[in-house]
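Heads up: the structure comes next, in structure tokens.
Given the structure is predicted, the values throughout are model-derived calculations rather than measurements. Counting from 1, the numbers follow the sequence of the chain as shown.
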Amino acid sequence: MTPIGPAPSGKFTGKIALITGSGRGLGRDLALHLGSLGATVLVNSFHSREAGEATAEEIRRAGGTAHHLWASVANTGQLNKMFDTIESQFGGLDFLISNASNGLLAPLDMIQPEHWEKALRTNVIGLHQCAIRARPLMKARGGGRIVTMSSVAAHRYVDYFGCMGPMKAAVESLTKFLAVEFQPDNILVNCVSAGAVYGELVEKWPDSERLLPIWEAGAGGRLCTGADVANFVEYLLGDGASMMNGSILIMDGGQTARG
């Protein structure tokens, strides 16, 4: 378990941030980080309901403000109910980090139509619907920031990622369309395309004992950590990134550059 961080610094005090899929893994790291910066964090989880509640409680114990919202972004009814709650209880939204993800880790000959459908609903349709609901909530507060999460596997082969790679490529394309159409409302949309990140996903990856050293070597000796990604997301949400919109930003230790 990641140690509880220091009390909120205040950088994002007054900001309301929704992180989808933030009960565990990278989403949890992002939620804890934004909580430490003073944001009111809306932790969203579905499969990991208890973990989502635990993440929100951890932020509160550290002196921050957090609430847990149970919903699947792949379920339109649950997604809309979640945003109705945000509108009625919080009155708006400043940040959306679209982190929720779902997809089978397997060779292509094991992927069935239902796997594609589940991955599409979570990764692409879920992002689209969250962004559409977030837009008026952000506009009412003078604008906002949306950060989407991709993977270097959107553009290169990664073992067992044949279902998710194409989904992440779609996320990157959708990011650009959202960026252009939302810009008139002062909403900036950017994408973080990370290499493998130490944590639960890497640990449960098929054949991870063989693949992990290969990935580490390609990334210059180590993979990304949750803290690496959280720091980058912090930058994209801050004033210093005000001219970044529609960008697909790679952070993989140079693995992509090495081919």
Side-chain angles (χ1 to χ4, degrees), residues 19-22 24-30 33 96-108 110-111 115-116 118-120 122-124 126-128 145-179 188-237 241 244-259:
I19 304 101
T20 64
S22 51
R24 58 191 180 189
L26 178 60
R28 173 181 174 275
D29 293 335
L30 295 171
H33 188 72
L96 166 64
I97 295 88
S98 181
N99 173 74
S101 186
N102 198 344
L104 183 68
L105 298 175
L108 287 174
M110 292 182 62
I111 300 172
H115 299 132
W116 287 111
K118 181 183 289 186
L120 181 67
T122 304
N123 293 279
V124 184
L127 163 60
H128 173 256
R145 303 291 174 89
I146 298 174
V147 177
T148 66
M149 306 303 293
S150 183
S151 164
V152 295
H155 303 286
R156 63 187 295 273
Y157 180 81
V158 173
D159 297 75
Y160 305 104
F161 219 55
C163 180
M164 286 295 294
M167 293 299 116
K168 292 304 186 182
V171 165
E172 293 186 9
S173 179
L174 180 54
T175 296
K176 296 176 183 179
F177 279 82
L178 291 170
L188 306 181
V189 189
N190 293 290
C191 178
V192 175
S193 176
V197 180
Y198 288 121
E200 295 178 27
L201 183 59
V202 165
E203 291 167 3
K204 71 178 183 181
W205 206 277
D207 204 15
S208 60
E209 290 187 5
R210 177 182 67 86
L211 292 171
L212 184 58
I214 297 173
W215 293 342
E216 289 174 328
R222 74 166 180 90
L223 305 182
C224 290
T225 65
D228 292 326
V229 180
N231 286 329
F232 200 15
V233 169
E234 175 190 341
Y235 170 71
L236 291 174
L237 298 178
M244 301 190 72
N245 193 35
S247 298
I248 312 300
L249 303 154
I250 296 173
M251 56 177 310
D252 68 351
Q255 189 171 24
T256 300
R258 291 180 175 88

Candidate pair L223 and L212, rule side-chain contact (heavy atoms from CB on, under 4.5 Å), full reasoning: CA-CA 9 Å; L223 305 182; L212 184 58; 3.4 Å; yes

Measuring from [X]:[atom1] to [Y]:[atom2], what's the distance to the nearest 0.5 Å?
| X | Y | atom1 | atom2 | answer |
| --- | --- | --- | --- | --- |
| I97 | T20 | CD1 | OG1 | 8.5 Å |
| M110 | Y160 | CE | OH | 9.5 Å |
| L104 | I111 | CG | CD1 | 6.0 Å |
| H33 | E234 | NE2 | CD | 4.0 Å |
| M167 | T122 | CE | OG1 | 10.0 Å |
| K168 | M149 | NZ | CE | 7.5 Å |

What heavy-atom pair brings [X] and [Y] nearest, and what distance separates the two atoms?
| X | Y | answer |
| --- | --- | --- |
| R145 | L236 | NH1-O, 2.8 Å |
| C163 | A119 | SG-CB, 3.8 Å |
| G25 | E200 | N-OE2, 3.6 Å |
| A154 | S150 | CB-OG, 3.9 Å |
| G21 | A100 | N-CB, 3.9 Å |
| W215 | A196 | CE3-CB, 3.9 Å |

Keeping the roles fixed (side chain from [X], backbone from [Y]), state whether a donor-acceptor pair exists under 3.5 Å.
| X | Y | answer |
| --- | --- | --- |
| N102 | N123 | no |
| N245 | A179 | yes |
| S151 | S193 | no |
| D228 | T225 | yes |
| W205 | D159 | yes |

V197 versus D29: any side-chain heavy-atom pair under 4.5 Å? no

Checking side-chain contact (heavy atoms from CB on, under 4.5 Å) for the pair E216/Y198: CA distance, chi angles, key distance, verdict? CA-CA 10 Å; E216 289 174 328; Y198 288 121; 2.6 Å; yes

Side-chain atoms of residues 246-254: list all donor-acceptor pairs with protein atoms under 3.5 Å, sequence neighbours left out, distances to 0.1 Å.
{"unit_1": "D252", "atom_1": "OD1", "unit_2": "G254", "atom_2": "N", "d": "3.0"}
{"unit_1": "D252", "atom_1": "OD1", "unit_2": "Q255", "atom_2": "N", "d": "3.3"}
{"unit_1": "D252", "atom_1": "OD2", "unit_2": "T256", "atom_2": "N", "d": "2.7"}
{"unit_1": "D252", "atom_1": "OD2", "unit_2": "T256", "atom_2": "OG1", "d": "2.4"}

